[in-house]
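As structure tokens, the structure follows; a few thoughts come after it.
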Amino acid sequence: MALFRMLASFASVVFFVSTVQATTAHAPRGKANTCVIEANGNGSDDAPAIRAAFSKCKRDGHIIFEDKKYYVNSPLNTTDLSNVDIDLHGYLLWSNDTSYWLKNSMPIGYQNQSTVWFLGGHNLHVNGFGMGTFDGNGQAWYDIVKGVSNYPDRPMGLTIQGAVDSSFVGLNFVQSQMWTMTIMHSDNVLMEDIYVNSTSHNGNPARNTDGADTMFSNNIVMRRWRVDNGDDAISLKANSTNIVVEDSIFMTGQGFALGSIGQYVGKFETIENVTVRNITTIGTKYAAYVKTWTGNQVDYPPNGGGGGLGFIRNVSIQDLKLKGVRDVAVNIGQCTSFSGAKGDCNSSLFHVGDIKFTNFTGDIAGKYIGSMQCSSAAGGCSGIEFGDIDLIKTATSTVVDDYKCSNVQGPIGFEC
Ligand SMILES: *[C@@H]1O[C@H](CO)[C@@H](O)[C@H](O)[C@H]1NC(C)=O
Ligand SMILES: *[C@@H]1O[C@H](CO)[C@@H](O)[C@H](O)[C@H]1NC(C)=O
Ligand SMILES: *[C@@H]1O[C@H](CO)[C@@H](O)[C@H](O)[C@H]1NC(C)=O
Ligand SMILES: *[C@@H]1O[C@H](CO)[C@@H](O)[C@H](O)[C@H]1NC(C)=O
Ligand SMILES: *[C@@H]1O[C@H](CO)[C@@H](O)[C@H](O)[C@H]1NC(C)=O
Ligand SMILES: *[C@@H]1O[C@H](CO)[C@@H](O)[C@H](O)[C@H]1NC(C)=O
Ligand SMILES: *[C@@H]1O[C@H](CO)[C@@H](O)[C@H](O)[C@H]1NC(C)=O
Ligand SMILES: *[C@@H]1O[C@H](CO)[C@@H](O)[C@H](O)[C@H]1NC(C)=O
Ligand SMILES: *[C@@H]1O[C@H](CO)[C@@H](O)[C@H](O)[C@H]1NC(C)=O
Ligand SMILES: *[C@@H]1O[C@H](CO)[C@@H](O)[C@H](O)[C@H]1NC(C)=O
Ligand SMILES: *[C@@H]1O[C@H](CO)[C@@H](O)[C@H](O)[C@H]1NC(C)=O
């Protein structure tokens, strides 16, 4: 019944996206209001015009960014839209005034992180036609944080906040400030044909430029993404349920992530019902990895935390092609703690289980297919399964068939 409902809602996402694509070819679209956003074109802030358009066209609206460059020099908070199409033909460039943004980005209410744009609403359809681009001017951020993972008040780019029955299609995101986008408090959202590239042009790494993070969200489909970045390609965090990630290519960064999770002492969080399939990972650290905080809280978010409760369960990661993965194919660790803190991998009460890794081919630099450090306090990991794994070691072309385990209960299809 629930499965049927989930499939039915996925089908409805697919249905209304094809409707959007069909109708964009034939203007006008029959929306009550159309707002075409003017661009100053000289570097002065276009955000006031963007805010005005979103305010005027927030119900039954059609908002159009033309094929122009828009300078975004102040924060945008455009939530509670209803039945709105947004066409992004142009290029949005965020200013590189890091001291301004450190003071003026907006808290997201989690992990002490903040953002430059909250966008959300019901029946919201954003289309970039493969051209529309978000440019966070990230190099300015990579240069000031110099590899520090979580720099207080460094903002993420787009925060999709409270999007319901919505879609984001054909968009490019380059040089994001921090996490490229975060999907929060959202339900039934399709994100398709998305290109993300955050690459440092000097020795300061593009760290913490995750392609996307999900939290407190349900029923999210991410399809045909190409992510080249300096951190997690896609990371599912607190209360991410019924998520599909498929037909995508992840390059350079850390690979696909479940977590980190369990950062808030005593808080219960889950990741449940996840399917990841047909992914090519090129030069990523792992193909996929799981990370939870330890059981002992040390300091506060964004850089500290721990002591969280909950579980990860019912995850299937299948049909992966690994090309030059830099470490092991799969890593599970429950040791995340305040920067610099090490060990304490057996204290987490957060349970990791019921994860299937099947049909992996390709080459890796590491000597294990899976390296798993599960927390004894949580009873270890259970229901971990590997099947149809055909991996060779990059340097020697020899078969990799070992697993390193600590507290893995009842391994399925492999021996520790
Ligand atoms: C996970 O999927 C099962 C089977 O469809 C369903 O019963 C359950 O409610 C789902 N869990 C969540 C958190 O949606
Ligand atoms: C930029 O262009 C806008 C619109 O034409 C104008 O109002 C504004 O004064 C210009 N600003 C600068 C700094 O030239
Ligand atoms: C910020 O951008 C301006 C152009 O808008 C450029 O002149 C300046 O060098 C840049 N500053 C940094 C720190 O990147
Ligand atoms: C953003 O707008 C929403 C609703 O319009 C409001 O509740 C929220 O406080 C605003 N957030 C910020 C940081 O201004
Ligand atoms: C933010 O950090 C402060 C202390 O640095 C902490 O008290 C607070 O709980 C944190 N808030 C969130 C939302 O993580
Ligand atoms: C990402 O950008 C870098 C630098 O511009 C470029 O070398 C690389 O090919 C791009 N990656 C993809 C997947 O397009
Ligand atoms: C797998 O994903 C690639 C994109 O990386 C796509 O071209 C291909 O059609 C997908 N294969 C299937 C069977 O869907
Ligand atoms: C996450 O979801 C669970 C199950 O629905 C709920 O009990 C919990 O309160 C949620 N966690 C947070 C931090 O909201
Ligand atoms: C696991 O999740 C999948 C969707 O990802 C769902 O089809 C299946 O029913 C779930 N299984 C259980 C036991 O909840
Ligand atoms: C294994 O994954 C590859 C993609 O990497 C796919 O083409 C192939 O059909 C899958 N094999 C099975 C048995 O599903
Ligand atoms: C965790 O406990 C296991 C035994 O349950 C032990 O082998 C391992 O060394 C411990 N790990 C750490 C980091 O303390």
Side-chain angles (χ1 to χ4, degrees), residues 1-11 13-14 188 191-196 211 214 217-228 233-234 236 240-251 255-256 258 270-282 284 287-288 291-296 306 311-323 331-337 341-350 352-362 371-383 385 403-409 411-412 416:
M1 183 61 187
L3 173 66
F4 180 78
R5 202 164 60 231
M6 189 173 97
L7 290 174
S9 59
F10 283 177
V13 169
V14 171
N188 204 26
M191 309 194 69
E192 196 170 63
D193 296 310
I194 306 284
Y195 172 79
V196 174
T214 62
S217 290
N218 181 49
N219 243 342
I220 311 293
V221 177
M222 298 165 149
R223 180 181 297 131
R224 291 194 299 269
W225 285 49
R226 228 165 4 122
V227 181
D228 187 353
I234 289 173
L236 311 185
S240 295
T241 50
N242 303 305
I243 312 282
V244 175
V245 179
E246 63 186 5
D247 304 340
S248 295
I249 301 174
F250 300 154
M251 296 173 68
F256 174 78
L258 295 169
T270 71
I271 300 174
E272 189 177 357
N273 294 358
V274 176
T275 303
V276 178
R277 64 185 158 223
N278 186 31
I279 311 289
T280 302
T281 63
I282 305 172
T284 54
K291 44 180 171 172
T292 83
W293 286 75
T294 71
N296 298 305
F311 56 79
I312 293 175
R313 74 172 172 220
N314 192 23
V315 176
S316 173
I317 300 184
Q318 64 198 63
D319 307 338
L320 263 60
K321 280 199 195 91
L322 287 65
K323 299 188 178 169
N331 188 74
I332 298 178
Q334 301 205 251
C335 320
T336 303
S337 190
K342 287 253 180 317
D344 194 20
C345 300
N346 281 318
S347 62
S348 175
L349 294 173
F350 188 98
V352 175
D354 200 3
I355 310 183
K356 238 190 247 183
F357 302 94
T358 48
N359 186 21
F360 283 28
T361 56
S371 172
M372 291 160 271
Q373 168 68 66
C374 301
S375 167
S376 54
C381 302
S382 56
E385 174 174 349
Y403 295 83
K404 189 181 175 197
C405 314
S406 181
N407 295 316
V408 175
Q409 312 298 339
I412 305 166
C416 291

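Quantities reported herein were computed from a predicted structural model and do not represent experimental measurements. Every number for a ligand or one of its atoms is a count from 1 in the order of the listing.
Shown here are the salt bridge (charged side-chain N to carboxylate O under 4.0 Å, His left out) partners of Arg313, two or more places apart in sequence or in another chain: Glu272. In terms of the salt bridge (charged side-chain N to carboxylate O under 4.0 Å, His left out) criterion, residue partners of Lys291 (sequence neighbours excluded) are, by chain and number, Asp232. In this view, Glu246 and Arg223, Arg277 satisfy the salt bridge (charged side-chain N to carboxylate O under 4.0 Å, His left out) rule, not counting sequence neighbours.
For the pair Phe360 and Ile317, the minimum side-chain heavy-atom distance is below 4.5 Å. Val245 is not listed as a side-chain neighbour of Trp225, based on a closest heavy-atom distance of 4.5 Å or more.
Protein residues are said to neighbour a ligand when one of their heavy atoms lies under 4.0 Å from it; for ligand 11 these are Cys345, Asn346, Gln373, Ser406, Asn407.
Using a 4.0 angstrom heavy-atom cutoff, Thr280 does not count as in contact with ligand 7.
Listed by number with element, the atoms of ligand 9 under 4.0 angstrom from any heavy atom of Asn314 are 1 (C), 2 (O), 3 (C), 8 (C), 10 (C), 11 (N), 12 (C), 14 (O).
Not a single donor-acceptor pair under 3.5 Å links the side chain of Asn219 to the backbone N or O of Asn188.
Using a 3.5 Å distance cut-off with no hydrogens or angles, the side chains of Asn273 and Thr241 do not pair a donor with an acceptor.
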